[in-house]
Protein chains: 2
Amino acid sequence: MSEHSDYPRPFVTVDLVIFTIAEDALQVLLIERGNEPFKGKWALPGGFVEIDEALDEAAARELQEEVGVTNIFLEQLYTFGDPGRDPRGRVISIAYYALTDAMRTRIVAASDAADARWYPVFDPEIDGQLAFDHRQILDYAVWRLRNKIEWTTVGYELLPVKFTLSELQRVYEIILQRPVDKRNFRKKILGQGQIRELNETRSDGAHRPARLYSFKKP
Amino acid sequence: MSEHSDYPRPFVTVDLVIFTIAEDALQVLLIERGNEPFKGKWALPGGFVEIDEALDEAAARELQEEVGVTNIFLEQLYTFGDPGRDPRGRVISIAYYALTDAMRTRIVAASDAADARWYPVFDPEIDGQLAFDHRQILDYAVWRLRNKIEWTTVGYELLPVKFTLSELQRVYEIILQRPVDKRNFRKKILGQGQIRELNETRSDGAHRPARLYSFKKP
DNA sequence: TAACTTAGTGTACTTACAACACTAACCGTG
DNA sequence: CACGGTTAGTGTTGTAAGTACACTAAGTTA
């Protein structure tokens, strides 16, 4: 690395892909842009990294500002920095993705946003509506989430503390976009030893009530 | 994202973890720092991202400058940006890792470097000799490489075009730091259908010559 | 109390992974 | 020129993980 003094410095931001499950679909939080460029299009929430703030902190702060949640799953995804990705100047953006139970969140629209809402990720309605390179960021986040859910236990992050195995299975089906075998799924999940069976069931309809489980946090 | 105008902007660099296999060990290219801070310590090669240059391009350019190679495996790793990771100011660094056959490279020391050399990654000699947070970056790169080699075919990137299966097996053993069963290894590799058997063998000693293979590039 | 709906359970088959030992071919030396 | 040394090359068997698949359990409502 040479001397620091006179290099032109780009802007550095964090962008957040905040996922939740609602209405039987995987949803992502998007903000309608109130200004040019891309006025009227939808963008991922994000903002500048403060000069004395770690990247993870910046992402956590934006998360707090946008949806009012703290202490949820949040992981760095990839850094996007093509010149020209933002017509206003050179902006390098470190993308993060987060998982939250929809019930925990309260959406707060930022000052420069016309509107903010959850958008179903796999709904074709979303096509062509995304600003900047946010389609690419979203696609990458979905890819990572799909991989991660197959090898780890992140699925639990999308559910409330107490949940049924059918609910958890549905989370997997929604994310992977394919049916999952009930018996194999239960065998696999129980075999991981990561969830605790509760002495509690939930009745929600004209059928056998389901046992509740909770995730063993490490 | 709010208005761009007056945000303080950090420096943005790329740092490279360039791996090769030499002398029966996994090696990483390090540069001895000629100036403070960390004068005399060893650092990963890297440099500023130019204002009109994509991140991948910046990494490829540094690679070309440091070891004179182009068109090799190069992948973004992670972005490190803790305030205080560089005492000279706020520097956010996008780390990349690269794999190359040692024979292809010519090390070129940069102007502000006292020296540049390959260092065996698993040699304890390296401990405490790394500048900045480069120990952390290197550890993460090794972790990624280990994962990647188990699920993909990146191993070939560390060998010349023609290689024997024993050489390839040795690459795996060196990276994973554990012995690999010869028959299972060959079964797995051949089963992947990613390498072509050549009508050529190589004799290098008082023993049966080994058949050469080459990687089928996609 | 019968019909409906979701919860919950086990077994057989297939596929991937792990362990393991001998023969083949070349070189160098006595 | 044959024998010893060295690395290349090859199959089978057991084990673990994953996949396919169908019926009973327990509650609600008409």
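All figures in this text were calculated on a predicted structure; none of them were measured in a lab.
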Chemist: Salt-bridge test for Arg85(B) and Asp15(B): reply yes if a basic N is under 4.0 Å from a carboxylate O, no otherwise.
Modeler: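 Salt bridge between Arg85(B) and Asp15(B), a charged N being under 4.0 Å from a carboxylate O: yes.
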
Chemist: Do Ile195(A) and Phe163(A) come close enough that some side-chain heavy atom pair is under 4.5 Å?
Modeler: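 Yes. Closest side-chain heavy atoms under 4.5 Å.
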
Chemist: Check Ala58(A) against Val49(A) and note the closest heavy-atom contact, atom names and distance.
Modeler: CB-CG2, 4.1 Å

Chemist: Students often get this wrong, so: under 4.0 angstrom with heavy atoms, is Asp181(A) touching a base, only sugar-phosphate, or nothing?
Modeler: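 Base contact - Asp181(A) has a heavy atom under 4.0 Å of at least one base atom.
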
Chemist: Toss me the dot-bracket line for DNA chain D: Watson-Crick and G-U wobble, both under 3.5 Å, 5' to 3', using | for pairs to another strand and [ ] for crossers.
Modeler: ||||||||||||||||||||||||||||||

Chemist: Please classify the nucleic acid contact of Lys188(A) as base, sugar-phosphate, or nothing, using heavy-atom distances under 4.0 Å.
Modeler: nothing

Chemist: Does the distance from a Lys or Arg side-chain N to an Asp or Glu carboxylate O, for Glu167(B) and Arg170(B), drop under 4.0 Å?
Modeler: no

Chemist: Test side chain to side chain donor-acceptor pair (under 3.5 Å) on Thr79(B) and Thr79(A); report intermediate values, then the result.
Modeler: CA-CA 7 Å; Thr79(B) 297; Thr79(A) 297; 2.5 Å; yes

Chemist: Between Leu176(B) (CG) and dC17(C) (P), how many Å, whole number?
Modeler: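 Roughly 14 Å, once rounded to whole Å.
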
Chemist: Rounded to the nearest angstrom, tell me the gap between atom CZ in Phe185(A) and atom P in dT9(C).
Modeler: 14 Å

Chemist: Rounded to whole Å, how long is the line connecting atom CG of Leu165(A) with atom C1' of dT6(C)?
Modeler: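 Rounded to whole Å, this separation is 13 Å.
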
Chemist: Reading DNA chain D 5' to 3', which nucleotide is the first, and which the last, to come under 4.0 Å of any heavy atom in chain A?
Modeler: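 It runs dT19(D) to dT28(D).
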
Chemist: Assuming nearest nucleotide by heavy-atom distance, tell me which of Asn184(B) and Lys182(A) is located more 5' along DNA chain D.
Modeler: Asn184(B)

Chemist: Would you mind checking if Arg61(B) and Glu57(B) are paired as a salt bridge, meaning a charged N to carboxylate O distance below 4.0 Å?
Modeler: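 Salt bridge between Glu57(B) and Arg61(B), a charged N being under 4.0 Å from a carboxylate O: no.
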
Chemist: Report the distance from atom CZ of Arg183(A) to atom P of dC13(C), rounded to the nearest whole Å.
Modeler: 15 Å

Chemist: Is the Lys NZ or Arg CZ of Arg117(A) less than 6.0 Å from the centre of Tyr119(A)'s six-membered ring, within 45° of the axis?
Modeler: yes

Chemist: What's the spacing between Phe19(A) CZ and Leu29(A) CG if we round to 0.5 Å?
Modeler: 11.5 Å

Chemist: Mind calculating the distance between CG (Leu212(A)) and P (dT6(C)) to the nearest angstrom?
Modeler: 17 Å

Chemist: For Arg211(B), report the nucleic acid contact type (base, sugar-phosphate, nothing); a contact means any heavy atom under 4.0 Å.
Modeler: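 Sugar-phosphate: the residue Arg211(B), judged by heavy atoms under 4.0 Å, touches backbone atoms but no base.
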
Chemist: Charged N to carboxylate O below 4.0 Å: is that the case for Glu150(A) and Arg178(A)?
Modeler: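 Between Arg178(A) and Glu150(A) there is a salt bridge, with a charged N closer than 4.0 Å to a carboxylate O.
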
Chemist: dT6(C) P sits how many Å from Glu167(A) CD, rounded?
Modeler: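 To the nearest whole Å, that distance equals 13 Å.
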
Chemist: When you measure from the side chain of Ala206(B), which nucleotide among dC20(C), dG28(C), dA7(C) comes out closest?
Modeler: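 Closest of the options to the side chain of Ala206(B): dG28(C).
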
Chemist: Regarding Lys187(A), tell me which of base, sugar-phosphate or nothing describes its non-hydrogen contacts under 4.0 Å with the strands shown.
Modeler: base

